[in-house]
Structure formats: structure tokens, C-alpha cells
Amino acid sequence: MHGSVLSLIPFLVVIPIALLTKQVILGLALGLFTGAYMMHPQPVAGLSSALTYLGNEMAVPGNVSLMLFLYLFGSFVGLLRVSGGVQGFANWMEQRIRSPRGAFAFTWLSSLFTFMAPDFRIMTIAPIVSRAFQRFGVRPERVAFAIDVTSTPLCALVPLGTAFVAYMVGLMHTSSDHAAATASPYRLFLLSIPFNLFAWAMLAVGFGLTFFRHSRTKMHTNRPPTDAVGNASPWAGAAVSRRAAFAVETGAIGMPADAAVQRPLRRTKAHAPEESVPDPVEVLAERARPSQLNLILPLALLLGATVVFTYLSGRAPGVSVLTAFAKANAARAMLEALVITVVAMFVLYTVRRLPLQRLMIGFLQGGNEMMPVIVLLVLIWAVSAVAADLGFSAFCQREIVRYVPAHLIVPALFLFGCAISYVLGSSFGTWGMLMPLAFSLAAGGAESLPLVAGAVFASGTFGGFASPLSDNTIAMATVMKLPVMQYANYKLKSAAVTAVVCAFGYWVVAACLPVGH
């Protein structure tokens, strides 16, 4: 069984189940149990094996740090929300918008303060700039596109201080371990950033379409709220008015695709729509006194502390600054910076007379909203481990690399990932399913690790940006009161052309880049 075609079975379970059910977590769980029972085909032994894989991966010190970081990052955003910092920044920004070009400039510049997660950026910026653009008669699709293009593509490129980085470094750590790679996970992540061609290209396309395209008068004003399929809905307005709960990139990883924008709804026995169940964090956020300092100070501390601790963790006698960053234990550094920031936030907000009960609700609720991402990451670790024991890497290195031309592997991997991510609507889920395959191919001599990792990250970025099932697409369409499918098709035109160009770019890079670089 080891190194044979049977080693593909766990992933052949994961991908179809995830595509059919739109639930990546379910697919990963079934793939884990399938692999565990292949290793130990007895009822009790197979179950015990699956639990052992989960326990072993969760007990790895680096993995514990990543899980804790993700939870605390959610708590960090939860504290920002209940402190009034987000609303204070939004009010400050709205007062300075004087023209359509100025509004677009603020939309792009605001990414410097809201790059932490796509949904966080969308729900912070979109409600404010949409009101400003309405005064200038700019089409809502164009406004939504300008915000969206600086959300997922940008978050996928930021090298520190976000949940995206923690998740991506965690994937690199697991995949490199099972593929016997020697470089540090964070260094591999840094090296992969230039090869996320779709994110770079989409930012360039978005910048050009934002500032150098003729602005026509708006076509869709005062559109009634819509539901997740674009029909007029009396419920969508409630979702907009309450704003979305924070979600890093849930998509199809384990909850409904519109969970990021619609809270559970109570109905009467006759199924008539009633008032939506209030989100406690959003209720507290609406009551908080707006203050942009409650956002800017913690964010500045988090970024500054992350840079300092990252450098310190890689510092050594005779080592340059760049080398220190490349060799740093980024996961540990980000966790230390985040702990200090969260503690400082409690002190700052207490001094500014925010109730402690409000802070605790924001802390716990924000952390709990990260649990689907943590569960997803743990399952990816376990599935990767059982696949490695079945000889998945050896099979890929021996068979796929032998029969598929090397220069076609990376473009094919990118296009395959784009198709999966578009169907799933989840960049995190796509990255988790494809990264073990990508590293196995690279370890077999197909291409360099940074290149294949960049191609996988690019393919997931495509779905997170363009898919109608992406929570980012649904959140943006809900806030801007656009039909989801109409808005998704609007984005797909430029995204699809960009993806085709990027596939050709990967073919060129694969042909020119020496293996191992």
C-alpha cells in the first residue's frame, strides 16, 4: 500500500465530498477516517488511529502556537469592534471624502488599516464609502470591485500580523515536514509571495480599472435588499443593518456560505420572517463611542511588535537583518506580539472607561468566530500526516513527475486550484487540500517549493475573490445591495482573463526558473 495508487484515496475522498457538499471540513474529516481505517482496518483500531493523528498534530508546539494565535487574532478583532475603533475610523474617513477620485483613493489607502482580513475590511469600509459614492453617482458594482480587489488579493500578500499569514505558514510547516523540505516555513512563505501571480495581477488590474476607467453614471440606485441568490428579500436588510460578523475566510470550510453576513433567523410557525437574532458584539459595537485611536493604536502596536519579535527570533551573531527575518520563528513571534497587544488593549480600553464586561464579550465572541478556521487547520494537519504514512509523497514523486511534463505541472496545478476554489468559494479550503500535493510534486523534482506554493496560494485567491459562494462576495453584495450572482459575474470577467494570463505566466516561469530556486 505504501507509495501505491491507494495512497491517493484520502484526497480522492476529500475533494469530491467537499465539492458536492460545499463543506471542506466534512470532506477532510471523512478523508482522515478513510486513511486511518486504511492503516488500521479494524473498527476500534481505525477510530483510535484517527484520534491519535489529531492528538499528535495538536500537540506539536508550533501547531499549538498557530491555533492560539488564530483564536487570539479573532479576539483582537472582537475587541476592536466593541471599542468603537472601527466606527471611529469610518467616521473620520467619511468626513474627508470630497470627490469620486478622492473616495477611490481613500478606499485604497484604507487597506493600510483594514488589511487584517477580507471580511473585516469589507464590513468596515463598504458601508461608509457606499454612502459617499452615492452622492457622486458612481455605479455600486464599481465601488464594490474597488473594495473587493484590495481585500482577498491584498491579504494573501501581507507578510506579517494577520490570520492569513498564520494559516499560510501553518500549511507550509505541515507540507514541508511531510515533503522533507529543509527551509523554514516562514522563509518558504516569504519566497512564495512573488509567485502569487494572481494576487499581484489582480491588484494591478484593479488599480487600473479604479483610476483609469471612464466613470459612467450609476445604473443601480436604491436597489432593494437581496438574498443570497439575488432575489428581493425582506430579510437581507436586517443583515445589512446589523453588519457582518467577523470571519477571516470561512467560505465553505464548515458553515453556510452566507454565515458571514446573515445571523440565524427566527420564524413563526407559519415560517414568516421575524427580527434576526442580534449579534452581541455588534450590539455593543453600535453602543460604543466612536474613536479612531481605539483602532489605530492597537494596530500600530501589533505591527510594530510583530516586526521586533520576528527579528529577535532570528537574530544571531554575524547574521544580517534580512537573514534574521528569513530564519525567524514567525509563528512564535506573531503570537508573542499578539499577546502583548491584547493585554495592552485591555489596559488602554479600561483607562478609556470601556466596561470590562463589554471587553470580555468582544474577546470571547471574536475568538469563537475563529474556531472553524482552527478546526480546518487541525484536520489538514491530520489528513496530511495520514497521507504521508500511506506514501502519498512517494507516489506523486514517482508517477506524476514521471509522466507529466515538468513545465506543465505548475500551470495545471494553478488552473485546477482555480476550479476548486471557484466551486467551493474558500481560499483556505483550497490551500489546505492542494498544498500537500504541491509540495510532494516539488520534492519529486518537478519545480521549486516557492513556485508551487505561490501557484496554490494564487489559485485559492482566485476563488476567494471571484466565487459567488465566497463569503467576501456575499458580504459585499449584501452591503452594496446587489444581486450576488450579478456581482460575482461582474468580477469574474476580469478575474478569469487575469487567471488565464497568470497560467501562461506560470508556464513561462516554470520553463525559466531552475528547480530548487
Side-chain angles (χ1 to χ4, degrees), residues 72-98 102-103 106-107 109-117 119-135 147 161 237-247 260-261 263 275-305 338-370 475 478-479:
L72 285 178
F73 185 84
S75 300
F76 167 77
V77 176
L79 287 172
L80 291 180
R81 290 162 59 198
V82 301
S83 71
V86 174
Q87 187 60 41
F89 171 74
N91 293 345
W92 176 85
M93 177 179 170
E94 186 178 21
Q95 295 170 4
R96 286 156 177 79
I97 296 177
R98 297 289 184 268
F106 268 112
T107 300
L109 290 174
S110 65
S111 62
L112 299 176
F113 300 94
T114 57
F115 62 85
M116 295 168 287
D119 284 345
F120 178 73
R121 169 161 172 72
I122 289 170
M123 301 314 299
T124 301
I125 299 303
I128 302 304
V129 298
S130 63
R131 295 198 294 266
F133 279 110
Q134 266 190 338
R135 303 198 308 265
I147 301 171
V240 176
S241 63
R242 295 188 186 282
R243 293 195 182 183
F246 167 72
V261 294
R263 312 308 301 169
E275 185 70 15
S276 60
V277 177
D279 175 11
V281 175
E282 291 304 323
V283 172
L284 293 176
E286 292 174 359
R287 297 175 181 174
R289 181 172 61 87
S291 173
Q292 63 267 32
L293 290 179
N294 287 346
L295 170 67
I296 296 174
L297 293 179
L299 183 58
L301 176 59
L302 176 62
L303 295 179
L338 187 57
V339 170
I340 289 178
T341 301
V342 170
V343 172
M345 291 171 76
F346 271 97
V347 175
L348 171 66
Y349 296 158
T350 301
V351 171
R352 295 176 71 92
R353 299 183 178 180
L354 272 70
L356 182 59
Q357 181 181 10
R358 172 184 296 178
L359 299 181
M360 291 304 301
I361 291 175
F363 177 88
L364 295 174
Q365 185 73 12
N368 291 341
E369 289 173 358
M370 291 298 297
T478 303
V479 173

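Values in this document were obtained by computation on a predicted structure and should not be read as measured data. If you read the sequence from its start, that first residue is 1, and numbering goes on from there. We use all heavy atoms of the structure for the numbers below, so side chains are in, but hydrogens, waters and symmetry mates are not.
Applying the side chain to side chain contact (heavy atoms under 4.5 Å, CB included) test to Ile340 and every residue at least two apart in sequence or in another chain returns Phe309. In terms of the side chain to side chain contact (heavy atoms under 4.5 Å, CB included) criterion, residue partners of Thr107 (sequence neighbours excluded) are, by chain and number, Arg121, Val129, Phe133, Ala146, Ile147. Remark: Leu303 pairs with Phe115, Leu160, Leu299 by the side chain to side chain contact (heavy atoms under 4.5 Å, CB included) rule, at least two apart or across chains. Every residue two or more places apart in sequence or in another chain that forms a side-chain hydrogen bond (donor to acceptor under 3.5 Å, both in side chains) with Ser291 is listed here: Arg352.
In this structure, the separation between CG on Leu359 and CG on Leu364 is 11.0 Å, given to the nearest 0.5 Å. Ile296 CD1 to Leu112 CG: the interatomic distance, rounded to the nearest 0.5 Å, is 11.5 Å. Leu356 contributes atom CG, which lies 7.0 Å from atom CZ of Phe346 (distance to the nearest 0.5 angstrom). Atom CG of Asn294 is separated from atom CZ of Arg289 by 7.5 Å, given to the nearest 0.5 angstrom.
Two residues are said to be in side-chain contact when any heavy atoms from C-beta on lie closer than 4.5 Å; Leu297 and Leu348 meet this criterion.
In terms of heavy atoms, Val479 sits closest to Ala126 at CG1-CB, 3.7 Å. Gly362 approaches Val82 most closely through the heavy-atom pair CA-CG1, 3.8 Å.
Considering Leu293, Val342, Leu80, Leu79 in turn, Leu80 is the only one that fulfils the side-chain contact (heavy atoms from CB on, under 4.5 Å) rule with Pro298.
The side-chain hydrogen bond (donor to acceptor under 3.5 Å, both in side chains) analysis of residues 339-350, with sequence neighbours excluded, yields the pairs Ser83-Tyr349.
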